[in-house]
Amino acid sequence: MMIRCESDAAEPEPAGIPADARAWVEVNLSALAANCKRIVHALPSGCDMMAVLKADAYGHGAAAAAQALGRAGCRSACVATLQEAVELRGAGFSGSVLVLGWTLPALAPLAARHRVALAAADGEHARALAASAERSGAEVALHLAVDTGMHRLGIAWDDTAAAIRAFRLSGARVRGVFSHLAVPDGASARDRRATTVQIKRFSRLVAELRRCGLTFCAHLASSYGALRYPGACFDAVRVGIALYGVPSAPHEPLPAELGLEPVLSLRARVACIRRVPAGEGVGYGLLGAASADRVIAVIAVGYADGVPRSLSGRAMVLIAGKRCPVVGRICMDQLMVDATGVGGVSPGDVATLIGRDGADGIRVEEVAQAVGTISNEVLSRLGERLPRIAVTSAVSG
């Protein structure tokens, strides 16, 4: 569920938060729309942007994100499953929708009914999807996956005959041909060489198919590929993590000149305050004993909400603009922080796990780095029981 809250302030306003919210996600739809426009402006002429809204728009809330992006001019979206695509249609998204993941062939008629294009994982999958649609009297739209070196989905990049056979299937119409770059975010010479090879392989297949008179949308690049390799853009690009204004990891920055801004914040209430004597641990296992008395704030959010348990003893939380270290083990529904340096903290105060509070901020890539993962995973695993609050506020630039 997405709850709307409009504010001109950059900081959270408790008055805009549901009275019963213990923890929540704030989604700045203004920043999302601004990021969309900045990315589109940076793309080569004639290249369209496909917004990647899989995993509930990376935890941001797919329905509201699609609506905000639609108002910003976006007319194409990608998801991972047919269920996600049908939910987008139910939310009123009328643009083109592509399912990037594998779909059970029996569901091809449902995809056709909802005007959803499906990825064909290889030639056999394409034939099965087409046959299923034809049996129901429908025609399903397909985007043919091509393996240019990632070795995940797709027909071989040099098997032009297999691609042409897919175009000739009864019961299906191939509207797109696509591949995926394995290391577009890498900075090493090896990564650059591998990416260049993939671009050349895809270019060759696209050129051969077009010499045969076939028409289709060619798309290869996702966020990093689109912004780092102009030659990878083709007819469209699939933009995911960049839309949400954060890099996958601190050492994989997005172009600073774009001015992309984080869209999501994660906040929770202080549930209670405990004064813990020196020498005593906290929580399960009674870990984190200290040499001095401490003020421990219990925060009403835990790993069931998507806060990684492996952040125990590694993360920071902002309270009143001050950083408070997580102590003890993160629990299913609560976590504890050392709030000794925060004067006057009380139950009901707001704690920020991702986002800004005063002059300081905690970025999602900082959280991801602490547990050895990427921003994409942290965001997409934020739990469904966290209400999403749409915040419309001013963005820079």
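- The shortest distance between side-chain heavy atoms of Glu365 and Pro250 falls below 4.5 Å.
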Q | Leu243 and Leu69: CA distance, side-chain angles, deciding distance, side-chain contact (heavy atoms from CB on, under 4.5 Å) verdict | A | CA-CA 10 Å; Leu243 265 181; Leu69 291 168; 4.1 Å; yes

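- Counting heavy atoms from C-beta outward, Ile299 and Arg269 have side chains that stay 4.5 Å or more apart.
- One hydrophobic cluster, built from ILVMFWY side chains closer than 4.5 Å, cannot hold both Val301 and Val282; they sit in different ones.
- Leu118 and Leu169 fall into different hydrophobic clusters, where Ile, Leu, Val, Met, Phe, Trp and Tyr residues are linked whenever their side-chain heavy atoms come under 4.5 Å apart, directly or through other members.
- Note on Met50 and Leu254: separate hydrophobic clusters, where clusters join Ile, Leu, Val, Met, Phe, Trp and Tyr whose side-chain heavy atoms are under 4.5 Å apart, directly or indirectly.
- Judged by distance alone, with hydrogens and angles left aside, the side-chain atoms of Asp147 form no donor-acceptor pair with the main-chain N or O of Ala156 at under 3.5 Å.
- The number of heavy atoms from other shown groups lying within 6.0 Å of CD (Glu208) is above 12.
- Listed for the Arg267 side chain is no donor-acceptor partner under 3.5 Å among the backbone atoms of Ala23.
- In the displayed structure, Arg173 atom CZ is contacted under 6.0 Å by at most 12 heavy atoms of other residues, nucleotides or ligands.
- Judged purely by atom type and a 3.5 angstrom limit, Ser346 uses its side chain to pair as donor or acceptor with the backbone of Gly344.
- There is no side-chain donor-acceptor pair under 3.5 Å between Ser222 and Arg238.
- In this model, no donor atom of one side chain and acceptor atom of the other lie less than 3.5 Å apart for His60 and Asp56.
- Ser188 contributes a side-chain N or O that, together with a main-chain N or O of Asp191, makes up a donor-acceptor pair within less than 3.5 Å.
- Ion pairing of Lys37 with Glu261 is absent here, as no side-chain N (NZ or NE/NH1/NH2) approaches a carboxylate O to less than 4.0 Å.
- Of the charged side-chain nitrogens involved, at least one lies within less than 4.0 Å of a carboxylate oxygen, so that Arg385 and Asp305 count as a salt-bridged pair.
- Under the 4.0 Å criterion applied to side-chain N and carboxylate O atoms, Arg201 and Asp158 are not assigned as salt-bridge partners.
- Judged purely by atom type and a 3.5 angstrom limit, Arg89 uses its side chain to pair as donor or acceptor with the backbone of Arg115.
- The backbone N or O of Val276 lies less than 3.5 Å from no partner atom in the side chain of Glu280, so there is not a single donor-acceptor pair.
- The distance from atom CG of Asp357 to atom OG1 of Thr352, rounded to the nearest 0.5 Å, is 4.5 Å.
- Side-chain contact of Ser265 with Glu26: a donor-acceptor pair under 3.5 Å is absent, judged by distance alone.
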**Q.** Worked verdict on Ile354 versus Val367 for side-chain contact (heavy atoms from CB on, under 4.5 Å)
**A.** CA-CA 8 Å; Ile354 299 172; Val367 175; 4.2 Å; yes

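- In this model, a donor atom of one side chain and an acceptor atom of the other lie less than 3.5 Å apart for Glu87 and Gln83.
- Of the possible donor and acceptor atoms, none in the side chain of Ser132 sits under 3.5 Å from a partner among the backbone N and O of Leu129.
- Side-chain contact check for Val86 versus Val116: every heavy-atom pair is 4.5 Å or farther apart.
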(Q) Under the criterion salt bridge (charged side-chain N to carboxylate O under 4.0 Å, His left out), I'd like the reasoning laid out for Arg323 against Asp360: C-alpha separation, chi angles, the key distance, then a yes or no. (A) CA-CA 8 Å; Arg323 291 196 169 218; Asp360 201 356; 2.9 Å; yes

Q | Val206/Leu209 under side-chain contact (heavy atoms from CB on, under 4.5 Å): CA gap, chis, key distance, verdict | A | CA-CA 5 Å; Val206 167; Leu209 293 177; 5.9 Å; no

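- Not a single donor-acceptor pair under 3.5 Å links the side chain of Gln369 to the backbone N or O of Glu366.
- When the side chains of ILVMFWY residues are joined at heavy-atom separations under 4.5 Å, either directly or via intervening members, Val378 and Ile374 end up in two distinct hydrophobic clusters.
- For the 3.5 Å distance criterion, the side chains of Ser375 and Ser248 fail to qualify, holding no donor opposite an acceptor.
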(Q) salt bridge (charged side-chain N to carboxylate O under 4.0 Å, His left out), that's the test. Do Asp338 and Lys322 meet it? Break it down for me. (A) CA-CA 11 Å; Asp338 184 345; Lys322 296 182 179 180; over 6 Å; no

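- Side-chain atoms of Ser312 come within 3.5 Å of backbone atoms of Ile330 as a donor-acceptor pair (strictly under, hydrogens ignored).
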Q) What do the steps show when you test Phe167 against Phe216 for ring pair (Phe, Tyr, Trp, His ring centres under 6.0 Å), and what is the final call? A) CA-CA 10 Å; Phe167 274 87; Phe216 53 90; 5.7 Å; yes

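- When the side chains of ILVMFWY residues are joined at heavy-atom separations under 4.5 Å, either directly or via intervening members, Leu98 and Met150 end up in two distinct hydrophobic clusters.
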Q | Stepwise side-chain contact (heavy atoms from CB on, under 4.5 Å) check, Leu379 with Ile241 | A | CA-CA 10 Å; Leu379 292 172; Ile241 195 66; 4.0 Å; yes

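- Checking side-chain atoms of Gln198 against main-chain N and O of Ala182 turns up a donor-acceptor pair under 3.5 Å.
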Q. So Phe234 and Phe202, ring pair (Phe, Tyr, Trp, His ring centres under 6.0 Å) or not? Walk me through it.
A. CA-CA 10 Å; Phe234 293 88; Phe202 189 69; 4.9 Å; yes

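- For Arg381, the CZ atom counts as loosely surrounded, since its 6.0 Å shell holds 12 or fewer non-hydrogen atoms of other residues, nucleotides or ligands.
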